[in-house]
Amino acid sequence: MNKIVTLRKTEKLNLKEEIYSSNEIASLKGRTTLISGAASGIGKAIAIRFAKAGSDLILVDINEKGLDEIKEVTLLYGNKVRALSSDLSGKDAVRDLWEKISSDAPDTIVNNAGIYPFKDYLEIDRNFYENTLEVNLNSVFWMCQNFIRKRGSRGGVIVNISSIEALIPFKEDMAHYCVSKAGVMALTRSLARDYGRKGFRVNCVLPGAIRTPGTESLVKKAITKMQLSLIRTGINFNSRLTLGRWGKPDEVAKVVLFVASDMASYVQGTMIPVDGGFLSC
Ligand code: NAD
């Protein structure tokens with residue numbers, strides 16, 4: 001009897017000790033995270049989530065004005081924040097960025113910057129195709145290489161942002177995009193295999209149907225141009241969202257935070273959809 005009472009007391013104590021806020025559970029205090037595409041949508045939400053979790057930040061984007069705005073917001077959480085404007089398309093641009101970062105290598109990188117322009121497959125020329133690959137895939141390839149070189153034996157965490165379109169090409173005129181995002185998944189798995197034993201965790205998050213300035217401008221375009229095929233695709237797309245709604249950027253950011261934190265210390269080389277159920281049916 002006495003034993004049970006003692007046990008209950010201890011349990012109570014442990015419970016009390018374990019009541020943390022979500023920011024404490026997934027704390028990134030003392031760490032630095034580089035986030036690309038941080039000026040808008042999902043990247044912006046990730047920047048805010050990571051700032052709340054105590055991470056110092058290196059925010060990167062091609063959009064200088066947007067970068068200044070998110071820098072101001074994230075500084076409010078009391079961490080160090082650097083904003084570096086860069087067009088990440090091109091190996092040299094990525095190398096220049098890492099030279100600016102200098103010896104101060106971040107512990108974590110989130111490769112989120114991306115573009116998703118629509119184009120009929122038969123109309124795609126070399127420039128268009130290469131530009132999509134440069135921004136969505138090649139930049140991630142070179143970012144990871146620079147990161148792993150800089151971190152060396154210290155290891156680190158990489159979270160790459162792919163897309164549900166890499167698995168199910170639902171929308172027409174997106175072959176170039178699907179190729180780029182499938183490449184991000186393949187890269188993630190390869191690096192997880194090659195560098196896991198050297199202290200690197202590498203994972204991929206697959207968003208789908210998230211309301212951001214990027215997706216909203218596409219929806220507006222389809223409606224104002226009365227592009228019937230796009231509107232039809234939109235209706236079919238929505239019918240696969242078993243949660244019955246589009247997601248918010250912060251709903252992706254929370255998952256990225258989890259994957260980047262020590263809560264996910266045994267999560268490696270995986271693809272995590274954040275898509276309201278799209279891939280589940
Ligand atoms: P967004 O357009 O709102 O934001 C993208 C950001 O990337 C912008 O700030 C933009 O300036 C930056 N960027 C674009 N080209 C760049 C370049 N060359 N160099 C540096 N920065 C550049 O888009 P979003 O919807 O927030 O998407 C973010 C990521 O999530 C993208 O990789 C996208 O493919 C992926 N994604 C989004 C959805 C969704 O539903 N929103 C779905 C699947 C995948």
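For the single chain, residues carry numbers from 1 onward in sequence order. In listed order, ligands and their atoms are each counted from 1.
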Between Ser36 and ligand 1, which part of the residue brings a heavy atom under 4.0 Å of the ligand: side chain, backbone, both or neither? neither

Among all protein heavy atoms, pick the one closest to atom 42 (C) of ligand 1 and tell me residue, atom and distance. Pro207 O, 3.5 Å

State the atoms of ligand 1, each with its element, that fall below the 4.0 Å cut-off from a heavy-atom position in Asp87. 17 (C), 18 (N), 19 (N)

Heavy-atom distances under 4.0 Å are what count here, so tell me which part of Pro249 touches ligand 1: side chain, backbone, both or neither. neither

Taken in chain and number order and not counting sequence neighbours, the residues that satisfy side-chain hydrogen bond (donor to acceptor under 3.5 Å, both in side chains) with Gln268 are none

Side chain, backbone, both or neither: which applies to Thr212 and ligand 1 if a contact is any heavy-atom pair less than 4.0 Å apart? side chain

Return the closest protein heavy atom for atom 34 (O) of ligand 1 as residue, atom name and distance. Tyr177 OH, 2.7 Å

Looking only at heavy atoms of Lys181, does any of them come nearer than 4.0 Å to an atom of ligand 1? yes

Under 4.0 Å from a heavy atom of Ile115: give me the atoms of ligand 1 that qualify, with their elements. 14 (C), 15 (N)

Keeping the roles fixed (side chain from Asn238, backbone from Gly244), state whether a donor-acceptor pair exists under 3.5 Å. no

Quick note on ligand 1: atoms under 4.0 Å from a heavy atom of Ser86 include exactly 19 (N), 20 (C)

Identity and distance of the protein heavy atom lying nearest atom 5 (C) of ligand 1: Gly114 O, 3.8 Å

Subset of ligand 1 atoms that lie under 4.0 Å from at least one heavy atom of Gly214: 2 (O), 3 (O)

Going by atom types alone, do Thr188 and Asn160 pair a side-chain donor with an acceptor below 3.5 Å? yes

Under the side-chain hydrogen bond (donor to acceptor under 3.5 Å, both in side chains) rule, collect the residues that match up with Glu72, sequence neighbours excluded. none

Would you find a donor on one side and an acceptor on the other, under 3.5 Å apart, between the side chain of Tyr77 and the backbone of Ser55? no

Between Ala209 and ligand 1, which residue portion shows a heavy-atom distance shorter than 4.0 Å: side chain, backbone, both, or neither? backbone

By number and element, which atoms of ligand 1 are closer than 4.0 Å to a non-hydrogen atom of Gly37? 6 (C), 7 (O), 12 (C)

In terms of residue, atom name and distance, what is the protein heavy atom nearest to atom 11 (O) of ligand 1? Asp61 OD1, 2.6 Å

So which protein heavy atom does atom 41 (N) of ligand 1 come closest to, and at what separation? Ile210 O, 3.2 Å

Do Glu172 and Thr233 have a side chain donor and acceptor closer than 3.5 Å? yes

Check if Gly66 has a non-hydrogen atom at a distance under 4.0 Å from any atom of ligand 1. no

Checking the N or O distance criterion of under 3.5 Å, is ligand 1 in contact with Ile161? no

Taking non-hydrogen atoms only, is Thr215 closer than 4.0 angstrom to ligand 1 via side chain, backbone, both or neither? side chain

Is there a polar contact between ligand 1 and Asn112, counting only N or O atoms under 3.5 Å apart? yes

What atoms in ligand 1 come closer than 4.0 Å to a heavy atom of Ile42? 26 (O), 30 (O), 37 (C), 41 (N)

Is it the side chain (CB and beyond), the backbone, both or neither of Leu88 that lies under 4.0 Å from ligand 1, heavy atoms counted? both

Which atoms form the tightest heavy-atom contact between Val157 and Ala260, and what is the distance? CG1-CA, 3.9 Å

Which atoms from ligand 1 have a heavy atom of Ser162 less than 4.0 Å away? 35 (C), 44 (C)

Ligand-side contact atoms (ligand 1) for residue partner Gly41, heavy atom cut-off under 4.0 Å: 3 (O), 26 (O)

